[in-house]
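Since the structure comes first, as structure tokens, the remarks are kept for the end.
When reading the values below, keep in mind they use all heavy atoms of this one structure, side chains included, and skip hydrogens, waters and symmetry mates. We count ligands from 1, going down the list as the structure has it; atoms in each ligand are counted the same way.
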Amino acid sequence: MSLYTKYRPKDFDNLVDQNFIKKTLSTAILENKTVWSYIFFWPRWTGKTSTARIFAKWVNCKNPKNWNPCLECNICKSFSEWKLLDIIEIDAASNTWVDNIRDIIEKAQFSPNVAKYKIYIIDEVHMLSNGAFNALLKILEEPPSHLKFILATTEIHKVPETILSRCQRFDFKNISNIWIKKYLEYIAWEEKIKVEEKVYNYIVKNSAWGLRTAISLFEQLIINSEIKYENVIENLWIVWDEKLEEFLEKLLKKDNLIINDFNNLIDEWKNIKLFFKDLIFFTKDKLEISILKGKININLIKILDNLQEYYSKTKNSIDENLIFFIWISKLLVEKSALSPESSLPCGEKGATKIKEEKEKKTEKKVEKENIEIEDAFDIFWDNLEEDNNLEKKEILEKKINSNNNNPSFSIDILISKIKTVPKKAFLSIWLKSSTYKIEENIFYIIPQNKFTWAKINVAENIVLIQEKLKEMWFEYEVKIK
Ligand SMILES: [Zn+2]
């Protein structure tokens, strides 16, 4: 028996992380207020089918205990052995059902054999044919008292409104990572499997909120009643954090030897894209930490911005290694790009510190998720030191302006001015990475790439830049090239 079959929740006590649904359904059963038709909605593997089965068992159970089916009476037992004809499970996504699904639904009108209720669990209900939907609707309009339907779907927008309006709807949420980890720990304990602590995080990270995926991965990784970190790295194609750290540091320092590392990567890794995908998320995490500290590392933004752009280029390329090679080479030669003195903590101490902060941060992540990143930037810009030199520069700049139209100097002031406008912190960063040109009375901004081009080229931004230029005594029309 697979671990998932063994450990899939069989009663509400073991149903993972769907408290609201558990409570509502339990109360309805206890107070005898169940309805005849439910619809469960949310992504795969969030416990929809388990909940449906527990519910079906419980309403039919001869002596339910402690808010759960007893798992011992003849109903519970014959259901677990797949012998109970009164609980009918249909997978609408499977082709084998297509022909007879309508007949089966039409037979719902007949009384149950042994159980109190005849219960239909229809998974992926949105895949039903029109004929089947009509048969279902007909029954839902006047359901016999012995009948209950539990419809489940991952795509609720495809379920006809006429059906939805006759169902009580439950939206399942993604199972949180903390719960998945707890459940894996429980299985490890039950099965006496020795698991290295940091393994859990990697499994959880790769399971996309799915308990089933997590348990399957967990099972695959067991070797002689043990799961070792090194096996995980091998099997899940996970890049060591240490390697990413080292690579990123070299990028920040513009260390030419990074080309050797890159070549080694190509030799070691069959899939170089996977490495750079991990690097994107690793860099994002670092950037997030630098934001939270109030010391935004612009170089990380630059790396992240460029890397994701180059990453998407690999789609249409005959050689993806070449794309990344070009990216690295460009970073190495770029003059204005990366300075060696980055605010990124380096070495072992730095790495531990980052890990600690990362853990702290994960706890807070859920609450923080809804805050727009731009807002976060604003807050931290506010905390940044005021630019004391601003005034001095302005005076100096006015002097220059009287006899010279050199925009390369004034651009710093323009950027400082924009930086102080609420919600325009990003704009100032994009401007910083752009180049400029003045022809006649037109001030051309030449963004670094398509992404920043699209971000800067918004009417509101152009007006703002024009205004700020005016404040600086420049009467230019602003155009984005
Ligand atoms: Zn029972």
*Decide yes or no on side chain to side chain donor-acceptor pair (under 3.5 Å) for T154 and E124, but give the supporting numbers first.*
CA-CA 6 Å; T154 48; E124 299 301 357; 2.9 Å; yes
_Derivation of the side chain to side chain donor-acceptor pair (under 3.5 Å) call for S2 and T5_ = CA-CA 5 Å; S2 80; T5 318; 2.7 Å; yes
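Cation-pi contact between K313 and Y310: present, with separation from the ring centre below 6.0 Å and deviation from the ring axis of at most 45°. The cationic group of K330 does not satisfy the cation-pi geometry with W327, failing either the under 6.0 Å distance to the six-membered ring centre or the 45° limit from the ring axis. Because its NZ or CZ atom is not both nearer than 6.0 Å to the ring centre of F79 and within 45° of the ring axis, K57 does not count as a cation-pi partner of that residue.
For N130, there are no side-chain contact (heavy atoms from CB on, under 4.5 Å) partners two or more places apart in sequence or in a different chain.
Looking only at protein N/O/S atoms, the ones less than 2.8 Å from the Zn ion (ligand 1) make 4 in total.
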